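Encoded as structure tokens, the structure appears first; notes follow it.
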Amino acid sequence: MPETTNPLADLRGAVADAARELSGGDSRGSAPSFDRPPRPDFGDYSSNAALLVAGSLGEPPRAVAERLGALVRERLGSAVERVDVAGPGFLNLFMSDEWCRRVLSAALAAGETYGGGMVDRPERVLVEFVSANPTGPMHIGHARHAAYGDSLCRVLEFAGHEVEREFYVNDYGSQVRRFGESIRARARGEEPPEDGYRGEYVRELAERLPGAAERDVDELAEEGVRLMLEGMQRSLERFRVRFDRFFSERELHGREAVRHALDVLEEREHVYPHDGAVWLRSSTFGDDKDRVLIRSNGDWTYFAADIAYHDHKLERGYDRVIDVLGADHHGYVGRMQAAWQALGGKPGSLEIVIMQLVHLTERGQRAQMSKRQGEFVTLDDLVDDIGVDAARFFLLERSHDTPLDLDLARAREQSQENPVYYVQYAHARIASILRKAGEERVAEALSADWGERLHPSARALLKRLLELPEEVEQAAARRAPHRLTAYAHETAQSFSAFYRDCRVLGAAEEGGDEDFRIALSLLAKRVLARSLDLLGVEAPEQM
RNA sequence: GCGCCCGUAGCUCAGUGGAUAGAGCGCUGCCCUCCGGAGGCAGAAGUCGCAGGUUCGAAUCCUGCCGGGCGCGCCA
């Protein structure tokens, strides 16, 4: 069996093929499992294929497993040392050292692309995230959105999708006008209006805008928004978050896009007048109730503008549109999904990801989020405090749908207590070993004919490294970049164990193959670097 | 009241049908003639919220209940 850049997928395929052969081409039911068993005496990999086939064949699972095991052995040849039948009928595969050497070679041959491009059907994807109001600074919650959205995009891209990143700018409507009023009030040395913006940054804006005390409110608002956006872009850039487009709500209105969206909905007969207002019949598409688009006073609702934005997204022809929104918006999911379908969007092609809240803690104690009224711990404050690497890693450590406690004390720590440093340290340590070996020596090692008989720690490390393609695929498919924090940490641990048990330079002294161990270290370095890159965290050559 | 999310070790959480449920932190006890000790090893620690059900097999799927978070405007 020739090795590709995803050896695990090859093995999985071989088992699945054998199972299909045994069941006479019957490929109904779920795909056979293929995982790392919980105990070493269960082999390197195990599958429940026989249990599934036995079900459709109506035969005793263990007997089926024996036959299937023989087929798998035949297909895999020298790749496999032996195939055991265990428990109720699991197949346990014990891979040969020869297979280990072959797959290491194949993974290294893939170079920087190793682990990527595994997606079956590449899609054109639009991801909208952060979309912070330009009337205030970005706080800790936006930091989580930024880390998540950016990392998700990196993962989707690496997995093989074509991704566009978009930030929606709410630069229209009454809150923007209030923003302008607040700036002018500060410029005049007055208090902002009751429902205005009271933060210190408003005072600073007022100082930066010459003649603000006498200027038109809308003009001030526009200028203020522009300055705020510039600041946000700087902060995001520093946080290593890039956007392809800042999409202005104001331009949307300027382009009559809301009118257009309403025309589309009217044409599709999903709107109706009632009580002097115009409604969307969103209940047709699963929403709790119908929603107002035009109020009885003639104003568009916010929802109408959002529909226009999504109408625009729809017309741009993406295969998939992902909105990353805050927990406070989840009441809005049902109606937006309904509107999407009313506009003619395919059900399922719009995904709305809801982010849960972030709490800051210091050694477990809840840290104060709001310093004074109108002032928050901002993205910049966070980065100043713990740095980009720690901030991104910690913000990505948890699934997006679970609230996150970020322990600032732990994040500041530069020791094993801190998973970021632990992973980066492992990377730097490998870099140090390879540096010591020298470029020529490394190149030579890669093309050598390896004879290594693998130590269990080397085998465990290699198996860990082979999981990268599926980790990336899963992280992409499940919109779950947080999986990679765990994977990076586990990989660093596996390397540390290998480092402890197997000398790399001078391996011959203990009967090892230095060439093989250099090669394995190099793959470990690449996998760590790739995992960190997908998280937006740096992989230092030295620390 | 309705809807969504969550309930797994002391704490924070992984784990969307497989074998004896994992990790980090914390705790206890160890390890520096060694390529980076910014490291490593071992140990204690769990009725996977509760009760039924489906399945050869459930933390995972279904139903009900309990507990927590958030959301339910002709606001944005």
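Everything numeric in this text was worked out from a predicted model, so none of it was measured. Residue numbers start from 1 in every chain, and the chains themselves are labelled A, B, ... in the order their sequence lines are given, proteins ahead of strands.
- Note: CZ (A:Phe393) to P (B:G24) measures 12 Å, nearest angstrom.
- Using a cut-off of 4.0 Å between Lys/Arg side-chain N and Asp/Glu carboxylate O, A:Arg36 and A:Glu467 are scored as salt-bridged.
- With rounding to whole Å, A:Leu528 atom CG is found 18 Å from B:A38 atom P.
- Rounded to a whole Å, the CG atom of A:Asp405 is 14 Å from the C1' atom of B:G68.
- Ranking B:C6, B:C70, B:C35 by closeness to the A:Asp401 side chain, first place goes to B:C6.
- Residue A:Leu468 is tested with A:Val527, A:Leu528, A:Thr491 for a side chain to side chain contact (heavy atoms under 4.5 Å, CB included); the sole match is A:Val527.
- Between A:Arg398 atom CZ and B:G24 atom P the separation is 12 Å, expressed in whole Å.
- Distance OH (A:Tyr425) to P (B:G39): 7 Å, rounded to an integer number of Å.
- When heavy atoms are screened at a 4.0 angstrom cut-off, A:Asp287 is found touching no nucleic acid atom at all.
- Regarding the sugar-base torsion, B:C32 falls in the syn class, its angle being within 90° of 0.
- As judged by a 4.0 angstrom heavy-atom cut-off over every strand, A:Arg478 is placed among the base-contacting residues.
- Distance CD (A:Glu397) to C1' (B:C25): 10 Å, rounded to an integer number of Å.
- Stacking between A:Phe42 and the base of B:A19 is present: ring centres sit under 5.5 Å apart and the planes differ by under 30 degrees.
- With hydrogens and angles ignored, a donor-acceptor pair under 3.5 angstrom links the side chain of A:His330 to the base of B:G3.
- Checked against B:C41, B:A23, B:C35, the side chain of A:Arg500 finds its nearest nucleotide in B:C41.
- Side-chain proximity of A:Ser46 to the nucleotides B:G36, B:A19, B:A23 is greatest for B:A19.
- Seen from the ring of A:Phe495, A:Arg429 does not count as a face-on cation partner, given the 6.0 Å and 45° thresholds.
- For B:C35, neither phosphate oxygen OP1 nor OP2 lies less than 4.0 angstrom from any side-chain nitrogen or oxygen of A:Arg441.
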### Message
Is there a side-chain hydrogen bond (donor to acceptor under 3.5 Å, both in side chains) between A:Gln474 and A:Tyr487? Walk through the geometry before answering.
### Response
CA-CA 12 Å; A:Gln474 284 293 308; A:Tyr487 177 71; over 6 Å; no
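- Taking the C1' atom of each, B:C2 and B:G22 are spaced 37 Å apart, rounded to whole Å.
- Closest contact between the side chain of A:Pro37 and the listed nucleotides B:G37, B:A14, B:A19 involves B:A19.
- With B:G24, B:G36, B:C34 as the choices, the nucleotide that has an atom nearest any side-chain atom of A:Arg503 turns out to be B:C34.
- The nucleotide whose nearest atom lies closest to any side-chain atom of A:Val504 is, among B:C35, B:G18, B:A19, B:C35.
- Only the P atoms considered, B:A44 is 15 Å distant from B:G24, to the nearest whole Å.
- One atom, CD of A:Gln356, and another, P of B:A14, lie 11 Å apart when rounded to the nearest Å.
- Across all strands, A:Leu51 comes closer than 4.0 Å to base atoms (heavy-atom distances).
- Counting any heavy atom pair closer than 4.0 Å across all strands shown, A:Ser432 reaches a base atom.
- In this structure, A:Ala305 reaches neither bases nor backbone, as no heavy-atom distance under 4.0 Å exists between it and the strands shown.
- Rounded to a whole angstrom, the distance from the P atom of B:C72 to that of B:C50 is 32 Å.
- Comparing B:A14, B:G18, B:G71 against the side chain of A:His482 picks out B:A14 as the nearest.
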Scan nucleotides 73-76 of chain B against the protein and return all N/O pairs shorter than 3.5 Å with their distances rounded to 0.1 Å.
residue	atom	partner	partner atom	Å
B:C74	O2	A:Ser296	N	2.8
B:C74	O2	A:Ser296	OG	2.8
B:C74	N3	A:Ser296	OG	3.1
B:C74	N4	A:Asp275	O	3.0
B:C75	OP2	A:Arg295	NE	3.1
B:C75	OP2	A:Arg295	NH1	3.2
B:A76	OP1	A:Arg295	NH1	3.0
B:A76	OP1	A:Arg295	NH2	3.3
B:A76	OP2	A:Arg295	NH1	3.3
B:A76	OP2	A:Tyr302	N	3.3
B:A76	O3'	A:Gln175	OE1	2.6
B:A76	O2'	A:Gln175	OE1	3.2

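- A:Arg429 has its CZ atom 14 Å from the P atom of B:C34, to the nearest Å.
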